[in-house]
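Data block below; observations after.
Just the heavy atoms: all of them, side chains too, but no hydrogens, waters or symmetry mates, feed the values below. As the structure is a computational prediction, the values presented were derived from the model and not from experiment.
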Amino acid sequence: MSNLDKAVSSFTDKFRERHGRVPDGPKGPDNPSGGDGMEARLQRLETKVEKVDDRLRGVEINLATLSERVAHLPSKGFIITSLATGVGLLSAVILFADRIKGLFGG
């Protein structure tokens, strides 16, 4: 018998003397319930996992909505082309202002 086995045996004997029972341990063939309150703890964890799952579904829906909205936004190329065209037209009007006045009799 190893020192660890002796220590566990001694602890179990002392616990049995004080409490009249063997201490609860991890789930196994000798202790199928896994200890006091295991079912309640498991139920709380399952409830929390369900809540996390519901929130994760909400996040997935929001992400899909945002992805769809972003898909309809103008691209960077379109914005640059539009700005360049606007600047070019404005520059042309400024440069040819005298000739435009002459066309309209001004």
Just distance, no hydrogens or angles: give the donor-acceptor pairs under 3.5 Å from side chains in residues 80-92, sequence neighbours left out.
unit_1: T81; atom_1: OG1; unit_2: G77; atom_2: O; d: 2.8
unit_1: S82; atom_1: OG; unit_2: F78; atom_2: O; d: 2.9
unit_1: T85; atom_1: OG1; unit_2: T81; atom_2: O; d: 2.8
unit_1: S91; atom_1: OG; unit_2: V87; atom_2: O; d: 2.8

Take R99 and F96 through the side chain to side chain contact (heavy atoms under 4.5 Å, CB included) test and state the conclusion after the steps.
CA-CA 5 Å; R99 291 184 185 176; F96 299 113; 3.8 Å; yes
Go through the structure and list residues passing side-chain contact (heavy atoms from CB on, under 4.5 Å) with [X], not counting sequence neighbours.
X	value
E50	none
R57	D53, D54, E60
L4	S2, V8
S67	L63

Can you tell me how far the [atom1] atom of [X] sits from the [atom2] atom of [Y], to the nearest 0.5 Å?
X	Y	atom1	atom2	value
T47	L42	OG1	CG	9.5 Å
I61	L66	CD1	CG	12.0 Å
E39	R44	CD	CZ	12.0 Å

With salt bridge (Lys or Arg N to Asp or Glu O under 4.0 Å) as the rule and sequence neighbours excluded, what pairs involving residues 63-90 come up?
none
Begin from the C-alpha positions of K51 and K48 and carry the test side chain to side chain contact (heavy atoms under 4.5 Å, CB included) through to its verdict.
CA-CA 5 Å; K51 288 179 183 177; K48 288 180 180 183; 5.5 Å; no
